[in-house]
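First comes the structure, then the notes that go with it.
Just so we're on the same page: letters track the sequence lines, and every chain starts at 1. The figures here come from the full heavy-atom set of this structure, side chains too, leaving out hydrogens, waters and symmetry mates.
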Amino acid sequence: MKIPSVKGTRDFYPPVMAVRNFLVDGWKAASRRSGFEEYDGPIFEHLMMYQVKSGEEIVEQLFHLTDRGGRELAIRPEITPTLARMVGQQINSLPRPIKWFSVPRLCRAERPQKGRLREFFQWNLDIVGVADPLADAEVIFTTLDYLAGVGLGPADVQARISSRRLLAAYLRGLGLDESRLDAVYPVLDKKPKVPPDAFEEMLRTCVPEEAIAVGIHRFMELTDPADLAGLSLSDGTQAEAFEAARRELADVMRWLDRMGMGAYCRFDPGIVRGLAYYTGVVFEVHEATGSLRAICGGGRYDNLLADFGGPAMPATGMGMGDCVLEILLREKGLLADDLPTRRLDWTVCCLDEALMETAVEAVAALRRSGRAADMAYKPAGLGKQLKWAAAAHAGRVAILGREFLEDRRIIIKDMQTGEQKGVDFDRFLSGHYDD
RNA sequence: GUGGAAGUAGCUCAGUCGGCUAGAGCACCAGAUUGUGGUUCUGGGGGUCGCGGGUUCAAGUCCCGUCUUCCACCCCA
């Protein structure tokens, strides 16, 4: 009986695995360049962990199971709750600042579509314990540093940055009650994604008050953060909060400019982020034409640790999935379609059955010395073996043939230059591989 | 969860009005090739035509169901 693969999953055959490694290795390298440390957690957690801050619908999109002890568990759909748990458990002994990254494998029981599967990898960056806008800027910088490193310029991708705190202060300042904010966020989040009149209708349904709706429009149409100063709020307390959030956002933009990423960044009041998760600066990186879904998203979530029963602790972070990124890189021609699946320093060509033992000895010696080396299981024509060596991206080839039978010499061929020379096999075997 | 399209070799696909033993290219394996690199030529393996049912003398082809994939919604931590 033939068993099919599971809906929304991928098989990573070596060439596909090479692509995945290309993405993951790049993520890890960028993280380390910015001083982040790697962590990971278990692939499943108590179901409750995801019910704490999520609604029914999100729980429906979890793969959940009951273990033999009756525990309700779920495969992780994100790693931030795990991070919050891990940090909370050892908060008093962890050196600060906590700058951690991870590339977890995540699962969500959603319907697969372009740029979204049921199992995927996601690069996560988080800085815990730093309220300074410099930390937000550093998360965004590291994200952009990676994207720049794989060849995406400011004409290809743009970081759209805004602030939940700014928006909240503004909405309260317009007279919108605190309790209604969570209902308004998803509507504003939709603005760039739906036609103007559809947005208008959603907004009016949610905010019937003419004056408030007009005020929201004024805010949503801004493009220059400097214009924020021109928005006046009659409520003194909110005006103060608004001003504080405005400075904070301006600081983030200023730091990013200093970090050489100014061309990638712009203020976009349409960046709200769907759920009531974020508390301050929020951002998304989009492909310039906006044809794909967001490449990544993140922001400040100062309440999350406390929500998970930990201490109050400021935090800011980012998540980037592999699916959309791969589509984008492919579209832009930035993904080689022949990434090597292995890279050998040496292959050994054995041309004579009588030399098989010597060939195996040579391969093993190379391997024991730390070099990647391989050989065929049976002697074969030199042409065929060189073809195989080229396909395996071998740097050099050691040829065991008639020279060995004559006077124990082997031929070493450099596959880049094509140059070759004869060397004494015993000298070679005693460690002179690179002479 | 809703709607649309598609499923034929490992991959990309052809297969006429329902009619002969279901084909091509690529890939893979072997040989030509008994010592020099992704060339060329020859040969080979590989198919329950997604699966199940129906109509028919006859189904890859028509009908129904189902599964999977892709696309658009819902949602997006």
Check: Glu110(A) side chain, G1(B) base, donor-acceptor under 3.5 Å: no

Between G35(B), G37(B), C70(B), which nucleotide has the shortest distance from any of its atoms to the side chain of Met415(A)? G37(B)

Just checking Gly8(A): base, sugar-phosphate only, or nothing, at a heavy-atom cut-off of under 4.0 Å? sugar-phosphate

When you measure only distances, ignoring hydrogens and angles, does the side chain of Gln61(A) come within 3.5 Å of the base of A77(B) through a donor and an acceptor? yes

Between Arg111(A) and G1(B), does any side-chain N or O lie under 4.0 Å from OP1 or OP2? no

Checking Arg396(A) side chain against Gln416(A) main chain: does a donor-acceptor pair fall under 3.5 Å? no

Between Trp388(A) and Tyr377(A), is the ring centroid distance below 6.0 Å? no

Under a 3.5 Å threshold, yes or no: a donor from one side chain and an acceptor from the other, between Thr82(A) and Glu45(A)? yes

Of all the nucleotides listed (A77(B), U36(B), U69(B)), which has the minimum atom distance to the side chain of Leu382(A)? U36(B)

Closest to side chain of Ala390(A), choosing from G37(B), C74(B), G35(B): G37(B)

Phosphate OP1/OP2 of G35(B): any Lys384(A) side-chain N/O under 4.0 Å: no

With a 3.5 angstrom cut-off on both distances, give the Watson-Crick or G-U wobble partner of U61(B), or none if there isn't one. none

What is the nucleic acid contact for Gly418(A), judged by heavy atoms within less than 4.0 Å: base, sugar-phosphate only, or nothing? base

